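Data first, discussion second: the structure below is written as structure tokens.
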Amino acid sequence: MNKKLLYLLLEATLVFPFFPARAQEGPIQNISARENLGLDGNWHYMVDPYLTGQSSRYYRNVRPGSKSDFVEYDFGASPSLEVPGDWNSQDPKLLYYEGMVWYQRDFKWHPRSGRRYFLHFGSVNYEAKVYLNGKMLGSHRGGFTPFQFEVTGRLNDGDNFIVVSVDNTRRKEFVPTLNYDWWNYGGITGDVNLVEMPETFIADYEVQLARGDTSLISGRVRLNGPRPSGPVQISIPAAGIRIRALAGADGNARFTDPVRGLELWSPAHPRLYRVQIMSAGDTVEDEIGFRTITARGRELLLNGKPIFLRGVCLHDENPLIPGRPRSGADERMLLGWAKSMDCNFIRLAHYPHNESEARIADQMGLLLWEEVPVYWDIDWTSDSTLESAEDQLGDLIGRDKNRASVIIWSIGNETPSIPPRDTFMAKLADLAHRLDPTRMVSAALLVHDQGNHTIAVDDPLGDLVDVVSFNEYYGWYVGGISDIGKYRFRIPYDKPALISEFGAGALGGYHADSLTRWSEEYQETFYREQLRMIGGISGLSGTCPWVLVDFRSPKRLNPEFQNGWNRKGLFTSTGQKKKAFFLMQAFYEQMEARHPDP
Ligand code: GCU
């Protein structure tokens, strides 16, 4: 059984007073608000396709003492990679590289008594083994979520060094598995921080409105340390709110308090409050927006009022500076492109994006769908695969549960409805609902062509999610443009429904008639017909064209039109708007006029 479930079961049975030990805890909440030594920047690296470094113990970072010494590696004399960042886009020799790379950097630190220290990674794709001063701290699998190791008592007073081996080899039992339509960017792709904490500190907190109730704040604070019990206080000075609670022997303090006068967060009014969480020996501040997301039949309600999600899908990739985004500026640019199309919603496909993205969406007033990479046909019968999916889902929810922008947790994309998958996904849906009862759970489902242009959304997973979302590519993968208008959709659920993908490819700047594939005119006509057909589907709560901007994929090999890029972007890989962009923009402006944001 994995750590998340163990913790929940112990919590659920409320036996904590007798079991002070807990399942391993998740990463520290809101790491950027903490006293830390940033370890981003240049790290030395060595490419190790034959895994030599394990037997040669590169982690010891031995340097030749004299000219006669035999040492077959030398980090200090090796080249450097930028951290955070993937290796594929930083060294042309590594564009397609899948395998192991060793990273190393020195740093100075003077640890203080009575303080605790953690080495925190924002994300590493895919498997990391971390060593400090020549000793192993631990390993982590999963390419997109944070993890940490406590290093109290293991830091030298002065010179220290870290070695990290990263292996992005795709494996059948991993999540994602061997086959997926995006670039396998390997490396230390998230920030690295050495964090200094009080002996007993605020490890985690959740401060949100109760589900569907704008007059009730509920949440939890978790303390970690030798004195985990005691008073905690949550204050929101600008709203004159002060909540007191008591942490028990397990370090958990839960609270549910009536509140008045909070300005609710929404796309039209992205109001964030400075929230202060205090315990006897620690204080941490965060910027939190308060809103509710619920359903009433087929309507999606934000703060109790119907909202139509004017969405678009987005990979975590900046086409202008190839590779994973390196800073908030990259993300602000991409989210700004979506806003220019009059979007109020972004589907962050198909894996957790950088932690800063949800914070920027909070500020910009964009709603988010966040997703774990349970993508296509993974290894449904493997326990380790299920554990990895649950850990990634738990760590994503743990990381972003205080972000007003996040309204939907997605447990997967286009997974086949076969018995082992149905069992696997039922467990994921249940975990998401138990970890976060305040948000919606969804998944991008495959549709079922019943013939006579009747398309049913009847995947059994639709019974377990709160928002029924489905992908359809009629007029691109199935049939041509003239067929689009013939399709009718049967969506037999009394719950909000969302088209989570539809799209067609076009090479920016390639112009021809509307029947010529890969021309901007074909894509534009595809969108015109699709939007006409979508307009006829009653009860939709949103749409998400696939995809905001062209992105790299090794599966897209048409040498004239793709050349290693998926060309379904409404923006080109050089940031230019394709003709179809303007159709989507006009459609969303009409939708906003008919369904103004609450
Ligand atoms: C699929 C899948 C995407 C993929 C897209 C495409 O539906 O969800 O990840 O990129 O279609 O074929 O372009």
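Read the numbers this way: they start at 1 and go in the same order the structure lists the ligands and their atoms. Model, not experiment: these values are computed from the prediction.
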For each nitrogen or oxygen atom of ligand 1, which protein N/O atoms lie closer than 3.5 Å, and how far apart are they, rounded to 0.1 Å?
unit_1: ligand 1; atom_1: 7 (O); unit_2: Glu414; atom_2: OE1; d: 3.3
unit_1: ligand 1; atom_1: 7 (O); unit_2: Glu414; atom_2: OE2; d: 2.4
unit_1: ligand 1; atom_1: 7 (O); unit_2: Glu501; atom_2: OE1; d: 2.6
unit_1: ligand 1; atom_1: 8 (O); unit_2: Asn413; atom_2: ND2; d: 2.9
unit_1: ligand 1; atom_1: 8 (O); unit_2: Glu501; atom_2: OE1; d: 3.1
unit_1: ligand 1; atom_1: 8 (O); unit_2: Glu501; atom_2: OE2; d: 2.7
unit_1: ligand 1; atom_1: 9 (O); unit_2: His350; atom_2: NE2; d: 2.6
unit_1: ligand 1; atom_1: 9 (O); unit_2: Tyr375; atom_2: OH; d: 2.7
unit_1: ligand 1; atom_1: 10 (O); unit_2: Asp181; atom_2: OD2; d: 2.6
unit_1: ligand 1; atom_1: 10 (O); unit_2: Trp546; atom_2: NE1; d: 3.2
unit_1: ligand 1; atom_1: 11 (O); unit_2: Tyr473; atom_2: OH; d: 3.3
unit_1: ligand 1; atom_1: 11 (O); unit_2: Glu501; atom_2: OE1; d: 3.4
unit_1: ligand 1; atom_1: 12 (O); unit_2: Tyr477; atom_2: OH; d: 2.5
unit_1: ligand 1; atom_1: 12 (O); unit_2: Arg556; atom_2: NH2; d: 3.0
unit_1: ligand 1; atom_1: 12 (O); unit_2: Lys568; atom_2: NZ; d: 3.4
unit_1: ligand 1; atom_1: 13 (O); unit_2: Trp546; atom_2: NE1; d: 3.4
unit_1: ligand 1; atom_1: 13 (O); unit_2: Asn566; atom_2: ND2; d: 2.8
unit_1: ligand 1; atom_1: 13 (O); unit_2: Lys568; atom_2: NZ; d: 2.6

Taking the ring centre of each residue, are [X] and [Y] less than 6.0 Å apart?
X: Tyr45; Y: Trp87; value: no
X: His353; Y: His315; value: no
X: Trp518; Y: Tyr510; value: no
X: Phe470; Y: Phe489; value: yes

- Query: Between the main-chain N or O of Leu446 and the side-chain N or O of Asn471, is there a donor-acceptor pair closer than 3.5 Å?
  - Reply: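 Answer holds: no.
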- Query: Hey, is Glu390 close enough to Lys427 for a salt bridge, meaning N to O under 4.0 Å?
  - Reply: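 Judged by the 4.0 Å cut-off on N to carboxylate O distance, Glu390 and Lys427 do not form a salt bridge.
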